[in-house]
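Have a look at the structure below, then the notes.
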Amino acid sequence: QLCNDPEFEAEKADYLTKLDKKLAVFDAFLGEGPFVLGKKLTYVDFLAYEYLDQVKALAPQNVGNARNVVKFLENFEKLPTMAKFFNSEERKAGKYINSPFSKFPGK
């Protein structure tokens, strides 16, 4: 919803002031991982990756400060099937995570 808000820039600033605390909680929960529930990949990892990838597109510096979050994203992207997708021309062709008409389409 933030990315479709007409007051995106003002709302983004407020969101970013709270983001580090939220990421710190998730970072602590992830621990050494490599996945959300430890060593076993589950559907929750796909949900978490989708969310964290979008946050990373919006605020890469904040995500970069969360060591375990960064490791989680890297581990997910290294999974053989996922790596194949992330390196595909389809993925590289364009990455809109929101509507191209939103205030932050993600490109």
Side-chain angles (χ1 to χ4, degrees):
Q1 294 228 352
L2 169 68
C3 296
N4 294 316
D5 193 317
E7 301 297 323
F8 171 71
E9 288 302 326
E11 295 294 326
K12 177 184 172 186
D14 183 53
Y15 175 81
L16 292 176
T17 62
K18 300 172 185 171
L19 183 58
D20 286 332
K21 285 184 181 179
K22 292 178 181 182
L23 284 172
V25 170
F26 200 61
D27 196 65
F29 178 79
L30 281 171
E32 294 299 315
F35 301 112
V36 174
L37 298 178
K39 294 183 181 182
K40 185 175 180 182
L41 180 71
T42 68
Y43 78 96
V44 175
D45 295 294
F46 289 84
L47 300 172
Y49 180 86
E50 179 71 21
Y51 170 73
L52 292 169
D53 188 49
Q54 290 184 27
V55 172
K56 181 180 166 186
L58 182 66
Q61 68 284 357
N62 298 73
V63 172
N65 293 332
R67 183 178 59 88
N68 293 330
V69 170
V70 170
K71 283 176 32 183
F72 167 77
L73 292 169
E74 290 171 350
N75 289 332
F76 190 86
E77 291 168 359
K78 288 178 186 175
L79 292 167
T81 303
M82 298 312 299
K84 183 178 176 183
F85 168 73
F86 289 126
N87 292 316
S88 72
E89 291 305 316
E90 176 185 11
R91 167 74 175 205
K92 292 176 185 175
K95 183 184 172 195
Y96 287 113
I97 56 175
N98 297 303
S99 162
F101 305 108
S102 71
K103 299 293 182 184
F104 180 74
K107 255 192 159 192

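Values below: every heavy atom of this structure, side chains too, minus hydrogens, waters and symmetry copies. In this chain, residues are counted from 1 in sequence order.
The neighbour count for F29 CZ, taken as heavy atoms of other residues, nucleotides or ligands under 6.0 Å away, does not exceed 12.
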Item to check | Criterion side-chain contact (heavy atoms from CB on, under 4.5 Å) on L52 and L23, from CA distance to verdict | outcome: CA-CA 9 Å; L52 292 169; L23 284 172; 4.1 Å; yes

Checklist entry - Yes or no on side-chain contact (heavy atoms from CB on, under 4.5 Å) for Y15 and N62, after CA distance, side-chain angles and deciding distance? => result CA-CA 11 Å; Y15 175 81; N62 298 73; over 6 Å; no

Item to check | side-chain contact (heavy atoms from CB on, under 4.5 Å) between V63 and L73, intermediate numbers included | outcome: CA-CA 10 Å; V63 172; L73 292 169; 4.0 Å; yes

Checklist entry - Going through the checks in order, is the side-chain contact (heavy atoms from CB on, under 4.5 Å) test met by F72 and D45? => result CA-CA 9 Å; F72 167 77; D45 295 294; 3.3 Å; yes

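In this structure, the separation between CD on E74 and NZ on K71 is 9.0 Å, given to the nearest 0.5 Å. Note that CG of L37 is 9.5 Å distant from CG of L30, once rounded to the nearest 0.5 Å. Here the NZ-CZ distance, from K78 to F86, works out to 13.0 Å after rounding to the nearest 0.5 Å.
One hydrophobic cluster holds both L79 and Y43 under the rule that ILVMFWY side chains link at heavy-atom gaps under 4.5 Å.
Side chain of N68 to backbone of G31: a donor-acceptor contact under 3.5 angstrom is found. Using a distance-only test at 3.5 Å, with no hydrogens or angles considered, no donor-acceptor pair links the side chain of D53 to the main chain of E50. For N65 (side chain) and Q61 (main-chain N/O), a donor-acceptor pair under 3.5 Å exists by modelled atom type. Between the N87 side chain and the A83 main chain, a donor and an acceptor come within less than 3.5 Å of each other.
Ring geometry for Y49 versus F76: interplanar angle under 30°, hence parallel rather than tilted (30 to 60°).
Taking the charged nitrogens against the carboxylate oxygens, K39 and E32 have no contact shorter than 4.0 Å, which rules out a salt bridge.
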